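The next block holds one structure in the form of structure tokens; read it before the comments.
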Amino acid sequence: MKKKEIRKVLVVNSGSSSLKYQLFDMRREERLAKGLVERIGCGGPANHAEALEKVVADLGDAAKDIDAVGHRVLHGAEEFADSVVVTKSVMAKLDRLVKFGPLHMPANLGGIKACERIFKGVPNVAVFDTAFHQTMPDCAAMYAIDPKYYKKYGIRKYGFHGTSHKFITMEAAKFLKKPLSKVNLVTCHLGNGSSLAAVKNGECVDTTMGLTPLAGLVMGTRCGDIDAAAVLSIMETEKKTPAEMDTLLNKKSGLLALAGSSDCRDICSKAEKGDKAAELALEMLAYRTALYIGAYNTVVGGADAIVMTGGIGENSTEVRERIVSRLGALGIKLDKAANKKRGITAVISSKGSKIPVVVLPTNEELMIARDAARLLG
Ligand code: AMP
């Protein structure tokens, strides 16, 4: 493909019933517009093509001269270890990956197909939530079950939030003034969905999510790690189908099940008022996060920094305090005054800490736009 200057990049995140977009001027990485179309297929636009027509109408003149469209795509499996310019053969491969995300992938691909039609001749770039984690060694990525399930169906750990982990890895390297290829980190994306990544020499070597985004930390509505036999036991005793169990573990567990709300702010204010269930939920969340930080610090051979991001990581002073207070064995101490900062880059560990804890705001949309510009420009 001929390279050209990529100035204007539209970033599209097509979900099953919504479409989020941001428009960037990449000369200064400046955001020109952002918006959301909701209720696709349920009262609003009939499909993603109609939703994009609405985006074009909303953008008006700004929709002219778009040089590239970057798309968030849930799953690249082992096919895609990096973002990719969408061609016919890429599209055929993506169609074969729908089984890895039957809920999200059709919507993601619908967004790409709609852009191909609406922005004729404008290249589309697919950016995968899984790609950053493709550098994981087999010892981290494989499950200890009969390898035929990997060979036949691709059952292994893939990891998600890769775009965010990659973005904060790059930002952390800049912040620490280290070359990307030499930086060791534990990156913590803590939001409604949460995951940690172990980053060695700038590359992911382990992450807490698995085949799907269910594994790992305690999340808003997902249980995270659980003994698979406990799942079987509930299914058998309550005669639940796999689909019902999927809903239970993904949508009705985590903070929601433990303390009645999936929103961390609600849980914090309940705990402050003495609600014991909320208190336990926060301790479980902090405990498991600290557990993995300790493990991943070992995995990377000693981290240059622990990095926190996402809605909770960037903003929740309460949760950050609960996590960092469990990291004493790593020689880390919280700077209580610095930890009051919200939503901005800040070192929240005390000066004498052996490993700094750094809060860095993530920007997945900008990362997608950067990848589109990198591949085409
Ligand atoms: P995300 O999925 O990254 O948007 O993060 C959503 C989570 O961040 C929710 O659990 C929110 O309660 C939490 N969050 C967002 N803003 C704040 C804040 N100012 N203080 C505490 N938690 C926050």
Side-chain angles (χ1 to χ4, degrees), residues 11 13 15-22 31 34-36 38 72 74 104 129 132 159-169 171 187-197 207-209 212-224 250-273 275 277-289 307-325 334 336 338-346 348 357-368:
V11 173
N13 183 354
S16 47
S17 70
S18 70
L19 187 150
K20 288 184 219 149
Y21 68 90
Q22 293 196 14
R31 191 173 69 202
K34 111 183 227 193
L36 165 72
E38 286 180 291
R72 180 177 187 195
L74 176 79
H104 292 91
D129 271 16
F132 183 63
F160 297 85
H161 290 143
T163 309
S164 176
H165 287 293
K166 181 174 167 182
F167 182 83
I168 52 171
T169 293
E171 293 298 302
T187 53
C188 314
H189 180 107
L190 308 174
N192 189 35
S194 299
S195 66
L196 258 62
T207 189
T208 55
M209 284 178 168
T212 77
L214 180 61
L217 304 175
V218 176
M219 305 179 224
T221 63
R222 293 181 213 139
C223 60
N250 273 297
K251 305 224 166 93
K252 295 184 179 169
S253 295
L255 297 181
L256 178 64
L258 294 170
S261 168
S262 63
D263 194 296
C264 187
R265 278 165 290 198
D266 295 344
I267 306 293
C268 287
S269 64
K270 280 186 183 192
E272 212 173 318
K273 290 183 195 121
D275 183 318
E279 176 63 30
L280 176 61
L282 288 176
E283 281 302 284
M284 286 169 72
L285 187 160
Y287 171 80
R288 203 178 295 170
T289 308
V307 191
M308 294 196 180
T309 197
I312 296 172
E314 290 168 34
N315 298 297
S316 181
T317 56
E318 296 88 340
V319 171
R320 290 193 310 226
E321 178 164 355
R322 283 175 195 257
I323 296 169
V324 175
S325 69
L334 187 75
K336 283 200 175 186
N339 188 42
K340 292 213 170 78
K341 295 178 189 164
R342 290 174 196 265
I344 53 166
T345 300
I348 59 165
V357 180
V358 186
V359 173
L360 282 173
T362 194
N363 193 337
E364 291 166 87
E365 293 78 13
L366 178 58
M367 189 70 241
I368 292 171

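Since we're looking at a predicted model, the values are computed, not measured. Computation of the quantities below employed the complete heavy-atom set of this structure, encompassing side-chain atoms and omitting hydrogens, waters and symmetry-equivalent molecules. In each ligand, atom 1 is the first atom listed, and ligand 1 is the first ligand listed.
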For atom 18 (C) of ligand 1, what is the nearest protein heavy atom, given as residue, atom name and distance?
-> Asn315 CB, 3.3 Å
Under a 4.5 Å cut-off applied to non-hydrogen side-chain atoms, are Cys268 and Leu282 in contact?
-> yes
Any side-chain donor near an acceptor of the partner, Ser195 and His165, under 3.5 Å = yes
Please examine the side chains of Leu258 and Leu280, heavy atoms only from C-beta on, and report whether any two atoms are closer than 4.5 Å.
-> no
Quick one: look up the protein heavy atom nearest atom 20 (N) of ligand 1 and list residue, atom name and how far away it is.
-> Arg342 NH1, 3.4 Å
In terms of residue, atom name and distance, what is the protein heavy atom nearest to atom 12 (O) of ligand 1?
-> Asp263 OD1, 2.4 Å
Protein heavy atom at shortest distance from atom 14 (N) of ligand 1 = Gly311 O, 3.5 Å
Residues which pass side chain to side chain contact (heavy atoms under 4.5 Å, CB included) with Asp263, listed by chain and number, not counting sequence neighbours | Ser261, Arg265, Asp266
Pick whichever of Ile312, Thr317, Thr362 has a heavy atom sitting closest to atom 7 (C) of ligand 1.
-> Ile312
A student checking ligand 1 against Gly191 at a 4.0 Å heavy-atom cut-off should list atoms 1 (P), 2 (O), 3 (O), 5 (O)
Can you tell me the protein heavy atom closest to atom 22 (N) of ligand 1 and the distance?
-> Arg265 CG, 3.5 Å
protein heavy-atom neighbour closest to atom 9 (C) of ligand 1 works out as Cys264 N, 4.0 Å
Within a strict 4.5 Å, meaning less than it, do heavy atoms of the His189 and Met209 side chains meet?
-> no
Are Thr309 and Phe167 side-chain neighbours, meaning at least one heavy-atom pair lies under 4.5 Å?
-> no
Of the protein's non-hydrogen atoms, which lies at the shortest distance from atom 2 (O) of ligand 1, and what is that distance?
-> Asn192 N, 2.8 Å
Would you call Glu321-Lys336 a salt bridge at under 4.0 Å N-O?
-> yes
